[in-house]
2 protein chains.
Amino acid sequence: MPEQTAANRPTLEAVAARAGVSRATASRVVNGGAGVRQPLVDKVRTAVDELGYVPNHAARSLVTRRHGAVAVIIAEPEFRVFSDPFFAQQLRGISRELTAHDIQLVLLWVENESDHDRIARYLAGGHVDGAIAFSLHGDDRLPALITESKVPAVLGGRPGTEGGLPLPYVDTDNRGGAREAVRHLVSLGRGTIAHIAGPGDQTSALDRIAGYHDVLIDPDPELLREGHFTEESGARAMAELLDRRPDVDGVFVANDLMALGALRVLRERGLRVPQDVAVVGFDDMEAVVSASDPALTTVRQDVEGLGRLSVKLLIKLLNRQAGHVPASVIMPTTLVRRASA
Amino acid sequence: MPEQTAANRPTLEAVAARAGVSRATASRVVNGGAGVRQPLVDKVRTAVDELGYVPNHAARSLVTRRHGAVAVIIAEPEFRVFSDPFFAQQLRGISRELTAHDIQLVLLWVENESDHDRIARYLAGGHVDGAIAFSLHGDDRLPALITESKVPAVLGGRPGTEGGLPLPYVDTDNRGGAREAVRHLVSLGRGTIAHIAGPGDQTSALDRIAGYHDVLIDPDPELLREGHFTEESGARAMAELLDRRPDVDGVFVANDLMALGALRVLRERGLRVPQDVAVVGFDDMEAVVSASDPALTTVRQDVEGLGRLSVKLLIKLLNRQAGHVPASVIMPTTLVRRASA
DNA sequence: CGCTGGCCTGAAAGCGCTCTCAGGGCGAGA
DNA sequence: TCTCGCCCTGAGAGCGCTTTCAGGCCAGCG
């Protein structure tokens, strides 16, 4: 392969000349070789190898109007990205699945409203074939913005304002998972079951609360406490809970990190888990679960799978006629029984 | 702005027609308007607004041979990405700085050797103007691969095999920071100073060890223990240390997470910090430091700044003639004194 | 042996843009 | 008033590729 810099890279023309065919035939071979006779295919392939030819992407997408790239929009304020592996794990699922389809990942990180213009301009600029947005919050106007841009897009997580938005989403069955967790506590004979919930601006937290209410009819409002998905806030919620309802004998915590905090407080107060209080978490985050004592019973969700699924859904969307919006997908959860409940 | 889909997006031709000028003039205005008289500039600007014109990126970069995009290569096995905020923080620095320069971020996640081909092909394909690779490990052959691709690139963190690699890097002054930490312990009158180091395949860990040795002449090898940058491994190392050298009165720990583990073990053994054993960490990771008791004295490094700096360096590289390689940059550290030492 | 039709191949148009180059207009100097 | 030169503007080439379309070749059939 000859020495080359960005400037003197061989063109299809050069390949064609070397192979003794027309540019058209060379192009056909480079793109799979359908409808070209074998001897010519071989000649062109040889020329490609010898010259180290790589197609010019800009020229190609100028005519095909496709880019082989997808924008991944992360709408997440600083602190959670750093504290929550959820983010990285989902991103990795997306990355892997895109790679498998030979699609590039253009990362757009939205930190605040002032970034919205930039995002809108980028999407409208037609640089990418589609977009995936995740980590959306309450009244986020990002979904609307994406919709306006007309770029095929998929949301990761149920958006807050679902009404009328033509964007399909993928999400975990938060409500169903929560139901399962609470039912499990019931089945253990627990009579006073509390819920330590996540922040109210996230649909995942709301859905888990809904699941809790699905099983327990009209529980004491004191039994429902809100945290911020952090260890610390879980501990605080557990402490408050014990102060007001010392008779609590089961807790469903909206994520594992908060459950860890809750376990700590229970231990500090000399309560035995699960004998005195049974605890069920949510996520099945390995790093957290392995550190918990006793081992945490929790609702497993496949976060990486969620990422992969969002890509699959987007690809389905891309291959479809405009107008046809595939249905959103909800991924099932599994209750993983360990020692804490 | 008229209804438009990806297909019927207005072209520069349309803008020119509407403004009553030539395509060339329209182009000039869209690209800043230099050398065009004001009345025409206004007309074109109006036409752009009315039509909602957005330049076609593929067409533009076909002729300019620039892409306004940079590849960010993360070479990181799964576990660390999830446990270490280092990753996300650096990525955010990069993202912010690229955004400030209106450059897109194409994320390439390398999980194992089998991804190398794909990366090489992508870089050689001329899709991006440059590349930034970070989180490199010991004998990583990624830097060599990037060099071969001829794409201007910058490394985040000193590569293991520095010899002859024409790639500049940015890094924290790990060695200097470590020296400062150990000197601080010395200045407190500590006579038996240990070091809990990071894994030996990372240059940052090695450089911190070197800094430790810069200050202490020929210390007892028992005083140097290796961890894996995790809380758990820090605790284990501290325990071993106390078993073998119960007279230790100062510890420099290679990162805050391990320092947290060390503090825990010290507490469990009834040793007072800093009275009995003084502890200095490295990183100044807010989440960790705020959780530590007593408050951790540590060496602060600006991880986000590191990310931003790598972008600045890359941009310098891009604006330079080929051949001119700007020098690598080392960022200074600061010792942050709190209660633990 | 001539004709039809199918299969390959090449010529050429054109994707949307930038940028060179030539030419037109106008002010200033003579 | 004429000419020179400068400043703008537009025509057009061309970036590297895909894709249409026409034409050439050959096998098979009449």
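A, B, ... follow the sequence lines: proteins, then strands. Residue 1 opens every chain.
Shortest non-hydrogen contact noted between L167(B) and A153(B) is CD2-O, 3.9 Å. Across R158(A) and Y169(A), no two heavy atoms sit closer than the pair CD-OH, 3.5 Å. For P152(B) against D129(B), the heavy-atom pair with the smallest separation is CD-O, 3.5 Å. Minimum interatomic distance between I94(B) and S310(B) (heavy atoms only, all atoms of both residues): CG1-OG, 3.7 Å.
Residue T11(B) is classed as a sugar-phosphate contact, given heavy-atom separations below 4.0 Å to backbone atoms only. Within the 4.0 angstrom heavy-atom criterion, only backbone atoms of the sugar-phosphate kind lie near V21(B); the bases stay farther away.
Distances were taken from every side-chain heavy atom of T25(B) (C-beta onward) to each of dG10(D), dG10(C), dG16(C); the shortest belongs to dG10(D). Here dA12(C) is the nucleotide among dT18(D), dT18(C), dA12(C) with the atom lying nearest to any side-chain atom of A24(A). Each of dC15(D), dA12(C), dA13(D) was ranked by its minimum atom distance to the side chain of L62(B); first place goes to dC15(D). Here the nucleotide nearest the side chain of V36(B), chosen from dT19(D), dG14(D), dT9(D), is dT9(D). The nucleotide whose nearest atom lies closest to any side-chain atom of L12(A) is, among dC17(D), dA11(D), dT18(C), dC17(D).
Ion pairing between a basic and an acidic side chain is recognised when a charged N comes within 4.0 Å of a carboxylate O; R118(A) and D115(A) show such pairing.
The aromatic rings of H127(A) and H57(B) are tilted relative to each other, their planes meeting at an angle between 30° and 60°.
Under 4.0 angstrom from either OP1 or OP2 of dT9(D) there lies no side-chain N or O belonging to S22(B). Considering only side-chain N and O atoms, R9(A) lies nowhere under 4.0 angstrom from the phosphate OP1 or OP2 of dG16(D). For the OP1/OP2 pair of dC15(D) and a distance below 4.0 Å, the side-chain nitrogens and oxygens of N56(A) include no atom meeting the criterion. Between R28(B) and the phosphate of dT9(D), there is no side-chain N or O to OP1/OP2 separation shorter than 4.0 Å.
Residues I119(A) and V110(A) meet the side-chain proximity criterion, which asks for heavy atoms closer than 4.5 Å.
Looking at R37(A), its side chain has no donor and acceptor atom pair within 3.5 Å of the base of dT9(C).
Using a 4.0 Å cutoff on non-hydrogen atoms, no part of residues 40-48 of chain A comes near DNA chain D.
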